[in-house]
4 protein chains.
Amino acid sequence: MTNTRAGRPRDHRIDVAVRDAAVDVLNEVGYAGLTLEAVAARAGTSKPALRRRWRGRQHLVVDALVTTVGATPTPDTGCTHCDLIAGIHSLTEAFTTRIGRRVLPALVADLADDPELAELFLREYFHKRRASTAAALRRGIERGDLDPELDLDLALDMLASTIYYRVLFGHLPVTDELAERVVDVVLGGVATVEWRRCHPRAEAEAGARSGS
Amino acid sequence: MTNTRAGRPRDHRIDVAVRDAAVDVLNEVGYAGLTLEAVAARAGTSKPALRRRWRGRQHLVVDALVTTVGATPTPDTGCTHCDLIAGIHSLTEAFTTRIGRRVLPALVADLADDPELAELFLREYFHKRRASTAAALRRGIERGDLDPELDLDLALDMLASTIYYRVLFGHLPVTDELAERVVDVVLGGVATVEWRRCHPRAEAEAGARSGS
Amino acid sequence: MTNTRAGRPRDHRIDVAVRDAAVDVLNEVGYAGLTLEAVAARAGTSKPALRRRWRGRQHLVVDALVTTVGATPTPDTGCTHCDLIAGIHSLTEAFTTRIGRRVLPALVADLADDPELAELFLREYFHKRRASTAAALRRGIERGDLDPELDLDLALDMLASTIYYRVLFGHLPVTDELAERVVDVVLGGVATVEWRRCHPRAEAEAGARSGS
Amino acid sequence: MTNTRAGRPRDHRIDVAVRDAAVDVLNEVGYAGLTLEAVAARAGTSKPALRRRWRGRQHLVVDALVTTVGATPTPDTGCTHCDLIAGIHSLTEAFTTRIGRRVLPALVADLADDPELAELFLREYFHKRRASTAAALRRGIERGDLDPELDLDLALDMLASTIYYRVLFGHLPVTDELAERVVDVVLGGVATVEWRRCHPRAEAEAGARSGS
DNA sequence: GTTTAAGCGAGACGGTACGTCGGGTCTTCGA
DNA sequence: TCGAAGACCCGACGTACCGTCTCGCTTAAAC
C-alpha cells in the first residue's frame with residue numbers, strides 16, 4: 001500500500017548494471033581514476049541516475065565493495081590460536097585482489113571527510129568482519145586461553161591492523177605466514193621471562209588472572 | 001662545481017612560500033580539497049613553477065608533511081618499556097593535528113598508485129620515524145628485556161599500526177593511554193599462563209631463552 | 001516545438017554578458033591582447049561556457065563586432081554620386097573606433113586560417129554592408145549614370161578597398177574627403193581625354209552605350 | 001675601427017639558418033602557429049639568439065618575407081596601360097604563394113600594434129614595390145596619358161588595394177585578368193558619358209586639363 | 001704573450017593562457 | 001508524479017609558449 005509510491009518505479013536493472021560497471025572501472029583505473037561519468041557510460045545510463053542512488057562515488061564504491069569483497073567469517077574449530085590465524089589470514093586474502101589493495105585504502109581515506117560514509121562503511125563492511133573475530137576471542141576467554149580481562153577492542157585492532165599497515169605503506173610484503181606471526185605476538189608478546197618477572201604490574205595481573 | 005649548472009637558477013624563496021602555502025591550504029580544506037592552483041595562488045606564484053619542483057600534489061604534500069609533522073625521535077632512558085611507550089605516544093600526537101588526522105590517510109592511499117611517491121614517502125617520512133623506535137627495540141634486546149630472536153620489523157609494525165588503524169577507520173578513539181596498552185600487549189601478549197604452558201613452541205623458546 | 005529540446009537550456013544572460021565583456025576587453029587591450037580567460041572573468045562566467053557558444057576567440061569577436069560596428073546602410077537619395085560617397089564614408093567612420101581600426105584588421109587576418117570563420121564573417125558582417133552599396137550601384141545603372149555592363153563586384157571592391165588599404169598599412173591617413181575622391185576615380189577614372197580617344201576598346205564601349 | 005667592437009663576433013650562419021627555418025615554419029603552420037621556439041629549434045639554435053637579432057617574431061617574419069617575396073619591379077615599356085597592368089599583376093603573383101596569402105595579412109594586422117615594425121615593413125617591403133609603380137604613373141603623366149593633376153597616392157592605392165581586398169576577405173577569387181580590369185577602371189571609370197556631361201566639376205576639370 | 005672583459009650561445013626559470021575533463025545541477029520529456 | 005536523460009556551468013588540470021635571467025665559453029682588445 002504505502003510501500004508502492006506514486007510515480008514511475010525505479011529500474012532495478014540499472015542498479016546491478018552500475019555496480020558491475022563500477023567494479024570493472026575500479027579494476028581498470030583504480031579508485032582515483034574512477035569517474036561517475038565513466039561508470040554511467042559503461043553501465044549504459046546517465047550521471048543523474050547514479051546520483052539518485054548514491055550520494056557520490058564513495059558511496060557507490062562502498063556498495064560495490066560490499067558486493068565484491070565479502071567478509072569471510074572467522075571459523076570456530078575449538079582452537080583459539082587456529083581460529084584467530086584463520087580469521088586474520090582471510091584478511092590478507094582480501095588484499096590480494098586489486099580492489100582490496102588499491103581501492104580500499106583510498107576509500108578509507110575518504111571516510112574522514114564524510115561521517116555518513118564512515119558510518120555506512122563501518123556498518124556494512126568493517127563490523128561484519130570484526131564481529132566474527134570478536135566471537136573467536138570471546139570463545140578463547142571462555143575456554144581459558146585468553147586473559148578474561150583483556151581489552152577486546154584493542155586485541156581486535158592489533159590483530160587486524162598490521163595487515164592494513166603493510167598494505168598501506170608497502171614497506172614490507174604481506175607474506176602467507178604473517179597472520180600466524182601476528183597472532184603469536186598478540187597472544188604471547190615479545191618480552192623475555194626476565195622482563196616479565198621484573199614488571200610485576202603486567203605479570204602480577206597475568207599471574208592473578210591465571211591463578212584464580 | 002657541480003652545483004653551478006647552465007640556466008637560470010631556481011628561486012628558493014618560492015620553495016618555502018609554496019610549502020607554507022600548502023600547509024595552510026591543507027589545514028583549511030584538507031587533502032581532497034587541495035589544488036595546485038590554490039596553492040600556487042596563495043604562494044604568489046604559478047602552476048608551472050610548482051610542477052617544476054614537484055611531480056604532483058602528492059609529492060608536494062609529502063614535502064610539506066616532512067617539514068611540518070617532523071618525527072619526534074624515540075627517547076633513550078634506559079627503560080625499554082618507557083621508551084617504546086614514549087615513541088608510540090609521539091605517533092598519537094602526530095594525529096592530533098588536522099594534517100595528521102585527515103591528510104596523512106589520504107596521502108597514504110595515493111602511495112599505491114605511484115611507486116616513486118611511495119619510495120619518497122618511505123624514505124623521507126616513514127623510515128625516519130621507524131628508525132629511532134627500531135633502535136629502542138635493539139637496546140631492549142641488548143638489555144635482555146626483549147626476545148633476541150624477535151622479528152624486529154613485525155614488532156615495529158605492531159607497535160605503530162594500531163594507532164593508524166584507529167585513525168583510519170575511526171571506529172574507536174585514540175586515547176592518551178593507547179600507546180601504553182599497545183606496548184603492554186606487544187611485550188606481554190594477551191594469553192593466559194595456562195595457554196602458554198600448553199603451547200610449548202612459543203613458551204619453549206621463551207624458556208630456552210630465559211634459561212640460558 | 002523544436003525549440004524545446006532535452007537538457008538544461010542555455011542561460012542567455014551569459015551571452016550578452018560575454019559579448020559586452022568582449023567589447024570592453026577589445027577596447028582596452030585590443031585583439032592580440034584579448035584572451036578568453038579575461039573575457040570569461042569579466043563576464044562573470046567560465047571558459048567552457050564561452051567555448052560552448054563560440055569556437056574560439058575569433059568567432060566571439062565576429063559576434064561582438066556585428067553587435068557593435070553594425071553596418072550603416074548606404075542611403076537612397078536619387079543621386080548616385082552622393083549615395084556612393086555616403087556609403088563609403090560610413091566605412092571610414094567605422095574605422096574611427098578603436099575596434100574598427102585595430103581589431104578588424106587582425107580579425108581579417110585570421111580569416112585565412114579558418115574557412116568556417118571566413119564564411120561567418122562574410123555572412124554576418126561583410127555582405128550586409130556590401131549589399132546596400134550594391135543596391136546603390138544598381139540604381140545608378142537604372143538611372144543611366146553608370147555603365148550597365150560594369151563589373152558590379154569589381155566596382156564594389158574598388159570603392160571599399162582603398163579605405164581598408166590605408167587603415168591596414170597606415171602609410172597614408174584616412175581623411176574625411178577620401179570617400180569622395182575614391183568615388184570620383186571609380187566613376188571618372190584618371191586618364192586624359194586623349195588617352196581615352198586612343199583606346200577605343202574602353203571608349204568605344206562607353207560611346208556605344210551613350211549612343212544607344 | 002669603431003666598427004669592430006670588442007667581444008665575440010656574431011655567428012652569421014645563425015642568421016641565415018634562422019631565416020630559412022622561419023620560412024619553412026611559415027609554410028607549414030602559418031603565421032599564427034609560428035613560435036620562436038619552433039624556429040629556434042629548427043634552426044639548431046636557441047631563443048635568446050633569435051631575440052638578440054629580432055625584436056619579436058613580427059620583425060623576424062618581415063625579414064624573412066623581404067628575403068622571400070621580393071618585389072618584382074613594374075616594367076617600363078612605353079605603354080602606360082601595359083606597365084600598370086604588369087605591375088599590378090606581379091602583386092597577384094605574390095599572393096599565390098602560401099606565405100603571401102596567409103602570412104602577409106596577419107603580419108600587416110600586427111603593424112597597428114608596433115609603430116617601429118610598421119616603419120620597418122613600409123620601408124623594406126611596401127614602398128619598394130610602390131615606388132616602381134609610382135614611376136610608371138609619372139611616366140604616364142609625362143606621356144600625356146594620365147591626368148597631370150591626379151592624386152598619385154590615391155591612384156597607387158586604388159590600383160593595389162583591390163588585390164589585397166580580395167585576398168583578405170576571400171569573397172571573390174583573384175583571377176588572372178583582375179589586374180587588367182582594375183587598371184581599366186582606374187584609368188577610365190565606370191560612369192556613362194551622360195553622367196560625365198552632367199557633372200561638370202569632374203568633367204570640366206578633365207576637359208580643362210585635356211584642353212590645355 | 002698574457003690578461004681582461006665584453007659579447008655570445010644556450011639552458012632553465014617564472015608566468016600567462018590555452019584547451020579539456022569531470023563534478024554537480026537544472027530542465028524537459030516520457031513512463 | 002516521479003524517474004531517465006541530456007545539456008549546462010564551473011573548478012581545476014596539465015601543457016605550450018613567451019620573455020627573462022643566468023651561466024660558461026669564445027674571442028678580441030688592452031697591457
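Throughout, protein chains are lettered first and strands after them, A, B, ... in sequence-line order, and every chain is numbered starting at 1.
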Starting at atom [atom1] of [X], determine the distance to atom [atom2] of [N], rounded to an integer number of angstrom.
| X | N | atom1 | atom2 | value |
| --- | --- | --- | --- | --- |
| I14(B) | dC21(F) | CD1 | P | 14 Å |
| R57(A) | dC21(E) | CZ | C1' | 13 Å |
| R8(B) | dC23(F) | CZ | C1' | 13 Å |
| Q58(A) | dG23(E) | CD | P | 10 Å |
| L50(D) | dT20(F) | CG | P | 14 Å |
| H59(D) | dG19(F) | NE2 | P | 11 Å |
| D114(D) | dG19(F) | CG | P | 12 Å |
| R10(A) | dA4(F) | CZ | C1' | 11 Å |

D11(B): salt bridge (charged side-chain N to carboxylate O under 4.0 Å, His left out) partners, not counting sequence neighbours =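 Checked D11(B) against salt bridge (charged side-chain N to carboxylate O under 4.0 Å, His left out); matches are R13(B).
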
query = Under the side chain to side chain contact (heavy atoms under 4.5 Å, CB included) criterion, do L111(A) and F169(B) qualify, and how do the steps go?
reply = CA-CA 7 Å; L111(A) 300 183; F169(B) 292 107; 4.3 Å; yes

message = dC10(F), OP1 or OP2 - any side-chain N/O from T45(C) closer than 4.0 Å?
response =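 Affirmative; the distance criterion is met.
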
inquiry  = Please pick, from dG15(E), dG19(F), dG9(E), the nucleotide with the shortest atom-to-atom distance to any side-chain atom of R52(B).
reply    = dG15(E)

ask   = From the list dA5(F), dC9(F), dG19(F), which nucleotide is the closest neighbour of the side chain of R51(D)?
value = dG19(F)

ask   = Where each residue is assigned the nucleotide of DNA chain F containing its nearest heavy atom, which of H12(C) and G56(B) is assigned the position nearer the 5′ end?
value = H12(C)

For E124(B), side-chain contact (heavy atoms from CB on, under 4.5 Å) partners two or more places apart = V66(B), L120(B), K128(B)

request  = Would you mind listing every side-chain hydrogen bond (donor to acceptor under 3.5 Å, both in side chains) that reaches into residues 48-57 of chain D, with sequence neighbours excluded?
outcome  =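 Counting only pairs at least two positions apart or across chains, the side-chain hydrogen bond (donor to acceptor under 3.5 Å, both in side chains) contacts touching residues 48-57 of chain D are D15(D)-R53(D), W54(D)-D63(D), R55(D)-E116(D).
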
message = Applying side-chain hydrogen bond (donor to acceptor under 3.5 Å, both in side chains) as the test, list every pair that has at least one member in residues 22-36 of chain D; sequence neighbours left out.
response =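 Checked against side-chain hydrogen bond (donor to acceptor under 3.5 Å, both in side chains) - neighbours excluded - the pairs reaching residues 22-36 of chain D are E28(D)-R42(D), Y31(D)-D110(D).
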
remark   = Note: contacts of residues 16-29 of chain C with DNA chain F (heavy atom, under 4.0 Å) are none

ask   = Across the strands shown, which category fits R53(C) at heavy-atom distances under 4.0 angstrom: base, sugar-phosphate, nothing?
value = sugar-phosphate

ask   = For K47(D) and P48(C), take the nucleotide of DNA chain E holding the closest heavy atom to each; which residue's nucleotide lies nearer the 5' end?
value = K47(D)

request  = I would like to know whether Q58(D) and D114(D) meet side chain to side chain contact (heavy atoms under 4.5 Å, CB included); could you show each step before the answer?
outcome  = CA-CA 9 Å; Q58(D) 290 86 2; D114(D) 184 348; 5.7 Å; no

task = Start with the C-alpha distance between V103(C) and L34(C), add both sets of side-chain angles, then the distance that settles side chain to side chain contact (heavy atoms under 4.5 Å, CB included), and finish with yes or no.
result = CA-CA 10 Å; V103(C) 173; L34(C) 178 139; over 6 Å; no

ask   = Could you walk me through whether L107(B) and F121(B) pass the side chain to side chain contact (heavy atoms under 4.5 Å, CB included) check?
value = CA-CA 9 Å; L107(B) 175 61; F121(B) 178 83; 3.9 Å; yes

Within residues 34-43 of chain C: residues closer than 4.0 Å to DNA chain E (heavy atoms) = T35(C), L36(C), E37(C)

query = To the nearest 0.5 Å, what is the distance between CD1 (I99(A)) and CG (L104(A))?
reply = 9.5 Å

